[in-house]
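Quick caveat, the model's predicted, so the values are computed rather than measured. Here is the naming used below: chain letters follow the sequence lines, and residue numbers restart at 1 for every chain. The analysis underlying the following values was restricted to heavy atoms, covering all of them including side chains, and did not include hydrogens, waters or symmetry mates.
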Amino acid sequence: MVNLGFSIGDLHFKNPVLTASGTFGYGSEFDDFLDVSRLGGIVVKGTTIEPREGNLYPRMAETASGMLNAVGLQNKGIDYFEKNIYPRISGYNTNIIVNINGSYIDDYVALAERINRLEKIPAIELNISCPNVKMGGMAFGTNLDSAREVTRAVRAVYAKKLIVKLSPNVTNVVDFAKVVEEEGADSISLINTLLGMLVDVEKMRPALSTITGGLSGPAIKPIALRMVWQVAKTVRIPVIGIGGIMTTSDALEFFLAGASAVQIGTASFIDPQAPVKILEGIENYLIKKGFSDIKEIIGYINRTT
Amino acid sequence: MVNLGFSIGDLHFKNPVLTASGTFGYGSEFDDFLDVSRLGGIVVKGTTIEPREGNLYPRMAETASGMLNAVGLQNKGIDYFEKNIYPRISGYNTNIIVNINGSYIDDYVALAERINRLEKIPAIELNISCPNVKMGGMAFGTNLDSAREVTRAVRAVYAKKLIVKLSPNVTNVVDFAKVVEEEGADSISLINTLLGMLVDVEKMRPALSTITGGLSGPAIKPIALRMVWQVAKTVRIPVIGIGGIMTTSDALEFFLAGASAVQIGTASFIDPQAPVKILEGIENYLIKKGFSDIKEIIGYINRTT
Amino acid sequence: MAKRIEDLKVIGNKRLNNDFFVLELSGNDKIPDFKPGQFAQVRVDGSPETFLRRPISIHDVDYERNTFKLLIQIAGKGTGALSKLRNGDFLNLIYPLGNSFGLPVENERVLLVGGGCGVAPLLFLGKYLRSNGYIPDILLGFRNSEQIIEFEEYLKIGNVFLTTEDGSKGEKGYVTNHSILLTGRYKRIYCCGPDSMMRAIAGYCKKNNIACEVSLENLMACGIGVCLCCIIDTIKGNLCTCIDGPVFNINELKW
Amino acid sequence: MAKRIEDLKVIGNKRLNNDFFVLELSGNDKIPDFKPGQFAQVRVDGSPETFLRRPISIHDVDYERNTFKLLIQIAGKGTGALSKLRNGDFLNLIYPLGNSFGLPVENERVLLVGGGCGVAPLLFLGKYLRSNGYIPDILLGFRNSEQIIEFEEYLKIGNVFLTTEDGSKGEKGYVTNHSILLTGRYKRIYCCGPDSMMRAIAGYCKKNNIACEVSLENLMACGIGVCLCCIIDTIKGNLCTCIDGPVFNINELKW
Ligand SMILES: Cc1cc2nc3c(=O)[nH]c(=O)nc-3n(C[C@H](O)[C@H](O)[C@H](O)COP(=O)(O)OP(=O)(O)OC[C@H]3O[C@@H](n4cnc5c(N)ncnc54)[C@H](O)[C@@H]3O)c2cc1C
Ligand SMILES: Cc1cc2nc3c(=O)[nH]c(=O)nc-3n(C[C@H](O)[C@H](O)[C@H](O)COP(=O)(O)OP(=O)(O)OC[C@H]3O[C@@H](n4cnc5c(N)ncnc54)[C@H](O)[C@@H]3O)c2cc1C
Ligand SMILES: Cc1cc2nc3c(=O)[nH]c(=O)nc-3n(C[C@H](O)[C@H](O)[C@H](O)COP(=O)(O)O)c2cc1C
Ligand SMILES: Cc1cc2nc3c(=O)[nH]c(=O)nc-3n(C[C@H](O)[C@H](O)[C@H](O)COP(=O)(O)O)c2cc1C
Ligand code: FES
Ligand code: FES
């Protein structure tokens, strides 16, 4: 048997395959396709204090090996989550992580305080990298001072595991990783989507109502992998790799580059069973290569180069 | 007849389809496939003062809808260019632009001075965005002060048209555009490649000898388009759009977003006739849509949104 | 009904005209009990530019032979690639997805209105209504007589009325101008087609107090209610066309 | 010779075994005068993961029928997709590319050595040598007897010697261990195969003062000398395998 587990501090994950926020709903949408409890964890939809309707339609466009989205954090707010969703999903035998968002630092703090009280939520993912909202979001994740401030403020009120999700739309992602580590983040996840756009040439107008949106899917994998490698070399806390992971091989690239875990995003739209298939594939790879613990391959490429 | 011409100051281009540096050699490599003189311009291979061997093999890896390269500015140096290549290519009836590179500002200045003397070279493209060299390159293009300094220094010695090629690996590309415009650039071209990487999962090592390389091709088009749109809205000098242009439709997206011209890069590897096909396609589109001058569609989406 | 992901075998690919073709699919397992209006998310393999699945309605179902059909209009890269499938090829589907058309109230006279690739769900809906004791009338709009498809199939369900834009068959003009709408005999209309057509029909129905359901064709990424890309602004706020739809009562919409 | 970009028609796709197949192609125009060692850059359509062209050697040429063949090993996504081509499909090629093997000096006794998909250019090279008055010997290495392909074709050219790794046919071991190399009779060796094999043969040739050319299979993007991705470190500095090669005299290489 191969050991696939990993930990953020004293929080144990039975395996390193999680699902990415905004791409896996609250998990239950996938009940027909896979056993959610087999996953290492699920990061639920981006949540805000107040309910949000998000951006206008059209919010989506297909690109070469990827897609743009401009959902803009549509969600029913933390009250609804706590009352209606939390009871439904807390039965899953996996780590449920809430992705939190706000326009102001106070929003993040208030949300973190609320979620701190939810027994079955062992961690939050602080989203300072959403490119699709006018206020907050990526603005926090592309300015070092703001990133520091919001992490510090949330850390002060949140006792469980704090994962900070970084934006790729920066000159030097390592600087941001260092700052959030310094401020007490327990883990770093990256990348969120890259800011992109598409024009409808026939209609002569932008494909998205918001003009720009977030690029995800295999197209961004090389960039995600590079950033994960850079960050994992630098920080001591576990790094969760995200970006364009469609196959076992994609996921393995991230582990070999230094990620302790991965999140599967857009892939779930194309194959709702992707997270489980990738999980099985990782196990088979380790067996074939003669490893008994996934930790043996984490950051492996740094040893040989 | 449709007018396809565009100008950088008093330098006229007969049409807005150029080829991107490092992807079209010196033009003559394509003589079997198309009439180079039909193009609006060709930007020749990245050139340095001294001859360079570039990085070790392997320098290339395929990615989803894209490729990584880590060529590292292999070229025979300016002496060789002047003696052996310049005489051969200066017969083309198109604007020949030299892409210049250096490790230090003095290198750029020396190169610009040399090329200023070459009668048939009406413009240079200042490459401050090469991600594949240890010194210089992208370092200039990801730091505002350096970008300013090198542009200023080159401007001081170079009398003809100065195009500055920006890096996409920055938080805010508009800041860089403004700085180089302030320092007297006549035009801005973007984007150069995005820093990415790939791991060979079977061999458990990076696919490139340099670990990271530059990502090009359709995968990056949404990012390139977004940056071109942002920059074109801000500066008054003409913007040349580059990144993942494979088809007529791709090129048109850039014009509609505000580019005055485009450069075709990686596409020429897949279809060496791509630049000419795109040129013809643009003309057909304008006729079909009832425009008589390409200028009518430049930045069109800003009018309707 | 449980959603599934499955490789189905292509056992027929019939070209109807330049634009339309019908794929017939059969699976190893028993096909599900489809409801009219449901759709499948179709994976387009072998087309470098189709990253996302394509939503396609269930067009016709044959429970005895354990097969069903998709009627597809070649709109671009994905549908173009699907048109080239050959017998024996496999197609990966996530299905059945979405809600469905509601049954009429007893004795209501019913009209199905369709145009373009919007006719796709109407055949199955028509058969479904018939098997539930309703004999709907059907009004179809096409560009010209050459575009008319599967006319005989609809004749098996009820009276069929036609419009063509050039008047080459049936009444000239758009479905919304057809004279049967002036009779005022219909108490319920099911409509599927281009946005402009559905909006026109919805306007007509609202003015005349006719119950009306439309099937929307919003852009979709996931098809299962997680990406929130396919939303439509309704009186209940943003709803997902993939799970709260694709069928909506026009009174819900802000049209 | 002018390079061209052309859609060629697939007129044959013969599966040789699990790993290898031969595509036969014909064009509308007269095929060019190929030189042995040249290759084509093949566009793989319909595979979402093959962005770049795939370099494939010219395997056999029939000027009378105006056709030529590619021998391809299924190595991954691109070659896998090519293996599914059917007669009548079209394949887009940029060709002919690269330099070629040099002719031997008069009366030199010549050996062709190949392994894996490296055998591809050797058949055309062998025929070319024959038509120029040379009768080369041929040494081929395979994993086991089931992997042996086109044996009869090579017999038409000259004496054929075999090694298999499991000894199931010919001598057991690698080509470099074959006893004919001990005879010392060859003055010139042409070699194509896995890197390790070519390096071993090159070492043997250097030690024994045998003229030797190898055909390299570096990763390529453009195939026409502009991307500088396919370089090999030589005594003249970095050269491009696509235009300065793929054939190199081992004395040029820094092996
Ligand atoms: C619930 C639902 C059911 C549908 N049922 C059918 C059906 O039964 N038969 C049928 O032929 N079509 C149906 N469609 C439309 C079909 O999904 C699109 O035509 C198809 O996705 C286009 O893909 P493509 O790759 O061929 O075109 P692309 O190359 O992606 O685009 C070509 C054109 O089609 C438009 N388009 C792309 N996606 C959609 C979409 N989801 N809806 C509408 N237009 C789109 C694009 O904007 C573009 O103008 C349905 C759509 C939905 C949402
Ligand atoms: C000049 C030249 C001539 C060639 N002639 C032939 C031939 O006649 N018949 C034949 O079967 N093959 C030939 N090859 C090798 C062939 O190009 C590769 O096997 C092919 O590109 C793999 O593509 P793929 O999509 O199937 O594999 P991928 O999925 O891209 O990769 C699968 C494996 O193949 C390796 N690979 C990818 N590209 C190349 C490459 N250019 N060279 C070697 N290995 C590669 C990858 O590293 C990987 O390990 C030649 C290569 C060159 C450079
Ligand atoms: C439709 C959609 C919605 C998303 N919503 C969120 C979100 O609410 N919060 C967040 O942190 N990331 C969100 N993301 C980003 C993903 O979690 C992930 O970081 C990104 O898509 C890159 O991974 P991928 O390429 O595997 O999809 C969203 C992505 C998509 C495609
Ligand atoms: C193999 C290769 C070599 C390149 N060399 C250079 C170079 O020397 N100078 C430069 O400014 N850009 C260079 N580029 C970047 C391209 O000019 C272009 O900016 C980039 O590839 C994005 O465009 P594309 O997606 O159309 O290829 C190179 C790109 C590739 C793929
Ligand atoms: S398509 Fe994803 S929510 Fe409807
Ligand atoms: S493959 Fe591009 S230079 Fe050889």
Completion exercise
If one checks every heavy atom of D:Ile94 against chain B at 4.5 Å, the contacting part turns out to be side chain
Problem - More than 12 heavy atoms from other groups under 6.0 Å of NZ on B:Lys120 - result: no
Practice task
Could you tell me whether D:Lys9 atom NZ has more than 12 heavy atoms of other residues or ligands within 6.0 Å of it?
Solution key: no
Practice task
Flag the pair B:Glu53 / D:Ile231 as yes when at least one side-chain heavy-atom distance between them is below 4.5 Å, and no otherwise.
Solution key: no
Exercise for the section: Pick whichever of B:Gly66, B:Ala219, B:Gly54 has the most heavy-atom pairs under 4.5 Å with chain D. Expected result: B:Gly66
Handout entry: Gap separating the CD1 atom of D:Ile224 from the CZ atom of B:Phe269, nearest 0.5 angstrom
Key = 8.0 Å
Handout entry: Heavy-atom side-chain contact between B:Asp32 and D:Arg4 under 4.5 Å
Key = no
Exercise for the section: Nearest 0.5 Å please: distance from the CG atom of D:Leu216 over to the OH atom of B:Tyr57. Expected result: 9.0 Å
Exercise for the section: Output yes when a side-chain donor or acceptor of B:Tyr26 lies under 3.5 Å from a complementary backbone atom of D:Val226, and no otherwise. Expected result: no
Problem - D:Asn28 atom CG, over 12 foreign heavy atoms within 6.0 Å - result: no
Handout entry: Side-chain donor or acceptor of D:Arg53 paired with backbone N/O of B:Ile270 under 3.5 Å
Key = yes
Exercise for the section: To the nearest 0.5 angstrom, please state how far the CG atom of B:Leu56 sits from the CG atom of D:Asp233. Expected result: 8.0 Å
Problem - Under 3.5 Å: donor-acceptor pair, side chain of B:Arg59, backbone of D:Cys230 - result: no
Practice task
Could you tell me whether D:Lys254 atom NZ has more than 12 heavy atoms of other residues or ligands within 6.0 Å of it?
Solution key: yes
Exercise for the section: Pick one of side chain, backbone, both or neither for B:Asn55, based on which atoms fall under 4.5 Å of a heavy atom in chain D. Expected result: backbone
Completion exercise
Pair count under 4.5 Å, heavy atoms only, with chain D: among B:Glu29, B:Met246, B:Gln74, highest is B:Gln74
Exercise for the section: Check whether any side-chain N or O of B:Glu62 sits under 3.5 Å from a backbone N or O of D:Phe51 as a donor-acceptor pair, and report yes or no. Expected result: yes
Handout entry: Over all atoms of both residues, closest heavy-atom pair of B:Lys45 and D:Gly225
Key = NZ-O, 4.2 Å
Completion exercise
CD (B:Gln273) and CD1 (D:Ile5) are apart, to the nearest 0.5 Å, by 5.0 Å
Completion exercise
Okay, B:Thr266 and chain D: the region with an atom under 4.5 Å from a heavy atom over there is side chain
Problem - Exceeds 12 heavy-atom contacts within 6.0 angstrom, atom CD of B:Glu50 - result: yes
Practice task
Starting at CZ of B:Phe24, measure out to SG of D:Cys222 and round the result to the nearest 0.5 Å.
Solution key: 11.5 Å
Completion exercise
Interatomic distance, CG@B:Asn69 vs SG@D:Cys229, rounded to 0.5 Å, equals 5.5 Å
